[in-house]
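Structure record follows, encoded as structure tokens.
All heavy atoms count here, side chains included; hydrogens, waters and symmetry mates do not. Within every chain, numbering begins at 1; the chains are lettered A, B, ... in the order of the sequence lines, protein sequences first and strands thereafter.
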Amino acid sequence: MYDRIKGFRDFYPGEMAARREAIDGLERVARRYGFREIGTPALERAAMWTEKSGDDIVEELYAFEDQGGRHVTLTPELTPTVARMVVAKQQALSKPIKWFSTRPFWRYEQVQQGRQREFYQTNLDIFGSSEPEADAEVLAWAADALTELGLTGEHFEFRISHRDILGGLLESYDERVDTAAAIRAVDKSDKLEQAEYHGLLADAGLTAGDAAEFADLVAGGDLEEVVEVADSETVTASVENLQAVLAAAEDFGAREYCTISLETARGLDYYTGVVFECFDSTGEVSRSIFGGGRYDDLIERFGGQPTPAVGVAPGHATLSLLLQRAGVWPEEAITTDYYVLQVGDTRPVAARIARDLRAHGNVVETDVAGRSFGAQLNYADSINAETTVIVGEQDLENDEVTLKDMESGEQVQVPVEGFPGEATRPTVDGLE
RNA sequence: UCCGGGUUGGGGUAGUGGUUAUCCUUCAGCCUUGUGGAGGCUGAGACGCGGGUUCGAUUCUCGCACCCGGACCCA
């Protein structure tokens, strides 16, 4: 027996069926909005991360040298790849570019609840529009996708903010403030004691008094007050942008899920505008379910024409936790429409019936293990067959087959000649 | 990298420094080439890995691996 690699998971058919349903739900809604599916490589040049970010992420790469001497890495996220794709065909692609994809990513990091080393995300991005409608459409997709999966406004909320509100406000206190450090402090403020929080703000360059006022202002979330105190063009414009996004979200049906929360800052430093995170409203899942936002500088940093972008990337692990706690995780079970049971040498007829039923799109199994009658019924039961078609020598003597409803146990004889015929999905109930 | 709790058949468990490791479930076959989800019989299947102590270790001890949760991080 070989071990599974730590942080990597197997999905057996029951659980996979539930995951499939969830993934299909997310993608179905994306397609309705006209997002187009893309496919992307598992390996990229390691330099896409080692040169651009030079961050902690580099330590978490599954990077190695391939047999051709290339320095490659399993991709830890999608954004650089889509940026590369956009840059490569920038002139050819009509804007806005609306893409999505579901696939695994890999990071060598500590395994925890909702976090594995191989993890699946559905990424969804819009490139080429800086209008608030683009931000709002991403929010609307996220809201529609979650409600498609059975969640309601009672289960989740989007905490929404704007990167430059905090940045601009900080600069209005003192130009030399380390905004990145201060924003990181804000991002984790709810986990910190007030003194610690204020201490971090002071470390970033705020005076003690300013730190306290800033913290109160951020926690209060009153946009008008923020504009007034900051008295800065950046802040005023950012607040206007945030409000414009929320106004569009109203028309798109997503406003009701959004809460203004200036404390939402996201750890990512490539975000440039509106940022948001999805949280479990009940507070049971303490960490954010997923996040997203605007990153207008990234394409240019990857060598393309300046191209605004906004996107979101729900991770399936945390999403599944949310769905389970809300009681709407799909049932983890396999389903089967028909089991065609053979008794004696009835394979030609049984095979014909199985093929006809499959041609109508049904999930049909028949014996491939040479099992006895009882054992076949046992098996039909174990695969949750809805109806069993008994093709036995005795039945065929009368030119009939027997249909058995596996839940009620009721049976009905039908002529073998016309079965299944034109009936797409014949059942015992329907034939009585 | 750090902290806490774990690891006994496929799943869930009992137990022990000393014969063949308990029970439930599961799986396969049979009772029953023609009726599953009830019963009976038969069979399959486990002490995470390595070192130490010991006549003898699944049990004590150390290290490691893995699992669960958390810190950090979350690009």
Side-chain angles (χ1 to χ4, degrees), chain A residues 1-10 12 14 48-61 73 75-81 83 105-117 119 121 123 180 183-184 187-188 191-192 265-271 275 277 285-293 295 298 301 311 313 315 317-318 321 336 339 341-347 367 369-398 400-413 428:
Chain A
M1 276 284 288
Y2 292 107
D3 291 346
R4 219 172 348 99
I5 299 295
K6 182 184 173 80
F8 288 70
R9 290 210 45 201
D10 300 318
Y12 288 88
M48 282 170 67
W49 286 272
T50 54
E51 284 174 10
K52 302 289 174 190
S53 46
D55 289 328
D56 302 334
I57 190 168
V58 173
E59 293 166 24
E60 296 182 352
L61 294 177
T73 182
T75 52
E77 57 174 334
L78 189 68
T79 306
T81 296
F105 298 96
W106 301 272
R107 296 179 193 176
Y108 192 87
E109 61 187 346
Q110 274 315 109
V111 173
Q112 283 181 34
Q113 184 180 43
R115 181 197 271 181
Q116 297 281 310
R117 288 179 177 170
F119 57 97
Q121 290 184 341
N123 281 260
I183 287 171
R184 270 198 301 277
D187 202 27
K188 60 172 73 165
K191 287 185 188 170
L192 298 174
R266 297 289 292 156
L268 311 187
D269 48 39
Y270 61 56
Y271 282 116
V275 290
E277 288 189 84
V285 184
S286 60
R287 69 184 78 207
S288 89
I289 307 296
F290 59 81
Y295 50 101
L298 197 73
R301 270 162 53 186
T318 45
L321 281 176
T336 310
Y339 181 82
L341 193 153
Q342 303 173 40
V343 192
D345 186 17
T346 61
R347 192 177 73 193
D367 183 45
R371 284 207 258 231
S372 70
F373 193 105
Q376 288 188 65
L377 267 187
N378 258 330
Y379 180 71
D381 195 40
S382 74
I383 59 174
N384 298 318
E386 188 181 322
T387 304
T388 292
V389 183
I390 301 171
V391 185
E393 287 169 331
Q394 291 172 20
D395 305 83
L396 292 184
E397 278 169 26
N398 302 320
E400 289 179 329
V401 292
T402 302
L403 257 63
K404 181 183 180 71
D405 184 296
M406 290 300 282
E407 200 183 334
S408 67
E410 279 180 68
Q411 300 192 169
V412 57
Q413 306 284 129
V428 172

* Between the main-chain N or O of A:Glu400 and the side-chain N or O of A:Gln413, is there a donor-acceptor pair closer than 3.5 Å? ->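 The answer is no, because no donor-acceptor pair under 3.5 Å joins these two groups.
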* Asked: Within the distance-only criterion (no hydrogens, no angle test), does the side chain of A:Thr318 pair as donor or acceptor with the backbone N or O of A:Ile289 below 3.5 angstrom?
  -> yes
Could you tell me which non-hydrogen atom of [X] sits nearest to which non-hydrogen atom of [Y], and how far apart they are?
X: A:Met406; Y: A:Thr388; result: SD-OG1, 3.1 Å
X: A:Gly315; Y: A:Phe290; result: N-CB, 4.2 Å
X: A:Glu109; Y: A:Glu60; result: OE1-OE1, 3.4 Å

* When you look at OH of A:Tyr108, are more than 12 heavy atoms from neighbouring residues, nucleotides or ligands closer to it than 6.0 Å? -> no
Tell whether [X] reaches the base of [N] with its side chain through a donor-acceptor pair below 3.5 angstrom.
X: A:Asp395; N: B:G34; result: yes
X: A:Gln411; N: B:U35; result: yes
X: A:Gln112; N: B:A71; result: yes
X: A:Arg115; N: B:C74; result: yes
X: A:Asn378; N: B:G36; result: no
X: A:Gln113; N: B:G69; result: no

What is the distance from [atom1] of [X] to [atom2] of [N], rounded to the nearest Å?
X: A:Arg117; N: B:A65; atom1: CZ; atom2: P; answer: 11 Å
X: A:Ile289; N: B:C74; atom1: CD1; atom2: P; answer: 18 Å
X: A:Phe119; N: B:C74; atom1: CZ; atom2: C1'; answer: 9 Å
X: A:Gln376; N: B:U32; atom1: CD; atom2: C1'; answer: 14 Å
X: A:Leu377; N: B:U35; atom1: CG; atom2: C1'; answer: 5 Å
X: A:Gln110; N: B:C2; atom1: CD; atom2: C1'; answer: 9 Å
X: A:Glu109; N: B:G70; atom1: CD; atom2: P; answer: 14 Å
X: A:Glu400; N: B:G34; atom1: CD; atom2: P; answer: 18 Å

* Structure fact -> Looking only at B:U33, B:U35, B:A28, the nucleotide nearest the A:Val343 side chain is B:U33
* **Nearest listed nucleotide, side chain of A:Phe373, among B:G37, B:C68, B:U35** => B:U35
* Looking for any heavy atom pair under 4.0 Å, which part of the strands does A:Ile390 touch: base, sugar-phosphate only, or nothing? ->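 Base contact - A:Ile390 has a heavy atom under 4.0 Å of at least one base atom.
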* With a non-hydrogen cut-off below 4.0 angstrom, is A:Gly7 in contact with a base, only sugar-phosphate, or nothing? -> sugar-phosphate
Roughly how far apart, to the nearest Å, are [N] and [M] at atom [atom1]?
N: B:G17; M: B:C47; atom1: C1'; answer: 14 Å
N: B:C2; M: B:C72; atom1: C1'; answer: 8 Å
N: B:G40; M: B:A46; atom1: P; answer: 25 Å
N: B:C64; M: B:C24; atom1: C1'; answer: 33 Å
N: B:G10; M: B:A65; atom1: P; answer: 23 Å
N: B:G6; M: B:U54; atom1: C1'; answer: 27 Å
N: B:U26; M: B:A21; atom1: P; answer: 24 Å
N: B:G11; M: B:U1; atom1: C1'; answer: 34 Å

* Contact nearer the 5' end of RNA chain B, comparing A:Leu396 with A:Ser372 ->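 Closer to the 5' end of RNA chain B: A:Ser372.
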Taking a pair as Watson-Crick or G-U wobble with both distances under 3.5 Å, which nucleotide is matched to [N]?
N: B:G56; answer: none
N: B:C27; answer: B:G43
N: B:U32; answer: none

* Contact under 4.0 Å: A:Lys6 side-chain N or O vs B:C67 OP1/OP2 -> yes
* Just checking, A:Arg371 and A:Tyr379: is the charged tip under 6.0 Å from the six-membered ring centre and within 45° of the axis? -> yes
